[in-house]
There are 2 protein chains.
Amino acid sequence: MPSATVENYVKKILVLSLDTSEEQVGMGEIAKGLEVAAGTATSMIKTLERERLVRYKSRQGVTLTAKGLKLGMDMLRRHRLVETFLVESLGLDWTEVHQEAEELEHAISEKVLDRLDKFLGRPEFDPHGDPIPTKEGKFAERRIRNLLECQSKKLRTIKLLTDQSTDFLNFARRKGLVPGTSVEVTNRDLISDAVELRVGNKKPFTLGSKAAKKILVSS
Amino acid sequence: MPSATVENYVKKILVLSLDTSEEQVGMGEIAKGLEVAAGTATSMIKTLERERLVRYKSRQGVTLTAKGLKLGMDMLRRHRLVETFLVESLGLDWTEVHQEAEELEHAISEKVLDRLDKFLGRPEFDPHGDPIPTKEGKFAERRIRNLLECQSKKLRTIKLLTDQSTDFLNFARRKGLVPGTSVEVTNRDLISDAVELRVGNKKPFTLGSKAAKKILVSS
DNA sequence: GGCAAGACTTTGATCAATCAAAATGAAATC
DNA sequence: GATTTCATTTTGATTGATCAAAGTCTTGCC
Ligand SMILES: [Mn+2]
Ligand SMILES: [Mn+2]
Ligand SMILES: [Mn+2]
Ligand SMILES: [Mn+2]
């Protein structure tokens, strides 16, 4: 029964708090993330508070309640399962499914979602490498680090790209940096602000620290 | 860019005009069909007129323009393809997919719809036996008649149930009267207002004319 | 022809979501 | 401590969709 708008706000608050690993999410981030005017976010947050989905301290920020967290996780599950379906079953490109899922996530019933989950073989990760919460609202946390933090020269598997803009995803694909691929950090030079890495058997290339930080791998 | 509401109105006008085979659709039917107050329908129809989706003669009725017909056919395509997917791929029951499709039809992009169509093997009929319009907005018309009109004692195939309420669909299933099944009219007695029919090899049973009229078969 | 009934339209209001612009508060700078 | 700046909140307005209730046609009936 929450509106699509309410669902979008709660999901955004959840991903912002996961991304920044901070409890409180600022009004500015929310407004920016959802591309609405600042005042719109403030007024909507008050609505969420009335629904007991968030706690709100004026001029400080917003945190999800247990109820809000549950809804947020459910939305993440919807969104990521839908993305997985679009890529795995319908063959859409992983760079373009986000927008589609942004709409479909609100239109899909619990029942259809469960069937879809089963149909897809209960996947644990979406096409971008993000974990898909279970029906109970939990996801298995992984020991994961970004390419800049990798010390030893072992093979690692790309798990997640934190910048999911179409431009970055296309760049990543050109370089072969897609989730599931093995990479090795062949050189790491903090002074030059870059890492050198090899994807598969291809010749190594260098990535700036900004980009390297966006690519998460499992050890 | 039409809102879900606009899409629902246009679709309803189209199915009403197909069902009653009349050009003009009355305001009352629309309001009733969409479960809104009469005044709501009137005001919404004026919006559709402004968008050039319908022609509207006050106190007479509404007809779709070419633009409206195109949108209506597109919605029918969306709705019926989604229903087909839910039954064929996810294994939902054909008695329960209508509500699901009612939401999903508004959330699915042209691109995803095309992929879905391909994925399903370009089906021509939905689980209820209704024809699925092509991308070009046409459907193959069939020579089809209801069970009450059947004269000769030949085998016929059930194509469509015009009453798609859950109750009627459940009744139909109990009797084996599902699209694709063969039936034979074993006796027809207009005075007793009933037809006797046999489904497969089971013992014949009698159906009142009201119910018989709701079951369409191909000759 | 006149009138009652039913269908339809108009009116006035509400609710959710939004914006622009004005007001306010808190933090950082002087 | 006073001031400036920037984030946030408040205010006032708009838009789409809806309802209830009041007003107006049209039609068929006497
Ligand atoms: Mn969304
Ligand atoms: Mn994703
Ligand atoms: Mn619908
Ligand atoms: Mn159907």
Side-chain angles (χ1 to χ4, degrees), chain A residues 1-13 16-17 19-20 22-64 67-68 71-72 75 102-103 105-107, chain B residues 1-13 16-17 19-20 22-64 67-68 71-72 75 102-103 105-107:
Chain A
M1 209 129 343
S3 68
T5 303
V6 166
E7 292 181 340
N8 283 334
Y9 275 80
V10 169
K11 175 156 67 82
K12 182 57 74 179
I13 293 165
L16 284 173
S17 74
D19 281 5
T20 64
E22 304 208 359
E23 3 54 73
Q24 301 245 107
V25 178
M27 212 40 85
E29 302 172 81
I30 298 170
K32 192 133 181 257
L34 293 170
E35 301 184 88
V36 295
T40 304
T42 303
S43 99
M44 198 62 207
I45 289 302
K46 288 179 179 173
T47 305
L48 299 195
E49 195 185 29
R50 248 175 281 123
E51 309 273 336
R52 311 232 173 286
L53 290 163
V54 300
R55 262 175 298 273
Y56 166 52
K57 297 265 192 200
S58 190
R59 271 160 220 271
Q60 289 201 231
V62 175
T63 56
L64 292 176
K67 184 180 172 196
L71 176 59
M75 292 315 298
E102 204 52 61
E103 296 300 320
E105 65 188 0
H106 310 291
Chain B
M1 159 171 12
S3 67
T5 304
V6 166
E7 291 181 341
N8 283 335
Y9 274 81
V10 169
K11 177 157 66 82
K12 181 57 74 178
I13 293 165
L16 285 173
S17 75
D19 280 6
T20 64
E22 303 209 358
E23 3 54 75
Q24 300 245 106
V25 178
M27 213 41 85
E29 302 171 81
I30 298 170
K32 192 132 180 255
L34 293 170
E35 300 183 89
V36 295
T40 304
T42 303
S43 99
M44 199 60 208
I45 289 302
K46 288 179 178 172
T47 305
L48 300 193
E49 195 185 30
R50 249 175 280 123
E51 308 272 337
R52 311 233 172 285
L53 290 163
V54 301
R55 264 175 298 273
Y56 166 53
K57 298 266 191 199
S58 191
R59 288 182 141 105
Q60 289 201 230
V62 175
T63 57
L64 291 176
K67 184 180 173 196
L71 177 58
M75 292 315 297
E102 203 53 61
E103 298 300 321
E105 64 188 0
H106 310 290

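Reminder, nothing fancy here: chain letters follow the sequence lines and each chain counts from 1. Source: prediction; values computed, not measured.
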Under-3.5 Å N/O pairs linking protein and nucleotides 13-15 of chain D:
none

Indicate the atoms forming the closest heavy-atom contact of B:Ala41 with B:Ile30, along with that distance.
-> CB-CG2, 4.4 Å

What pair of heavy atoms forms the shortest contact from A:Val10 to A:Gly68, and how long is it?
-> CG1-O, 3.3 Å

Are any of A:Thr47's side-chain N or O atoms less than 4.0 Å away from OP1 or OP2 of C:dA17?
-> no

Picking from C:dC19, D:dC19, D:dA17, which would you name as closest to the side chain of B:Met44?
-> D:dA17

To the nearest angstrom, the NE2-P distance between A:His106 and C:dA16 comes to 18 Å

May I ask you to test the B:Gln24-B:Val62 pair for a side-chain heavy-atom distance under 4.5 Å?
-> no

Looking only at heavy atoms, which two atoms of A:Ala31 and A:Ala38 are closest? And how far apart?
-> CB-CA, 3.9 Å

Take the protein atom NZ of B:Lys32 and the nucleotide atom P of C:dC8, then report the distance between them rounded to whole Å.
-> 12 Å

Report the distance from atom CD1 of B:Ile45 to atom P of D:dA17, rounded to the nearest whole Å.
-> 12 Å

Whole Å only: how far is the CE atom of B:Met1 from the C1' atom of D:dG16?
-> 17 Å

Rounded to whole Å, the CG-P distance (A:Leu34 to C:dC19) equals 10 Å

Check: A:Glu35 side chain, A:Lys32 main-chain N or O, donor-acceptor pair, under 3.5 Å | no

Side-chain heavy atoms of A:Leu48 within contact of A:Val6, under 4.5 Å = yes

Contact letters for nucleotides 4-11 of chain D, in which S counts primed atoms plus P, OP1 and OP2 and B counts the base, heavy atoms under 4.0 Å | ---BBBB-

Give a yes/no on whether any side-chain N or O of B:Tyr9 is located under 4.0 angstrom from OP1 or OP2 of D:dG16.
-> no

Any donor-acceptor pair under 3.5 Å linking the side chain of A:Thr40 with the backbone of A:Val36?
-> no

Test item: A:Leu16 and A:Glu22 side chains (from C-beta on) under 4.5 Å apart, heavy atoms | no

Please determine if A:Glu105 and A:Lys11 form a salt bridge, counting it only when a charged side-chain N lies under 4.0 Å from a carboxylate O.
-> yes

Between B:Leu53 (CG) and D:dG16 (C1'), how many Å, whole number?
-> 15 Å

Taking every non-hydrogen atom, the tightest pair across B:Thr63 and B:Glu23 | CG2-O, 3.3 Å

Could you tell me whether the side chain of B:Gln60 and the main chain of B:Lys57 form a donor-acceptor pair under 3.5 Å?
-> no

Polar atom pairs (N or O), protein with nucleotides 2-5 of chain C, under 3.5 Å:
none

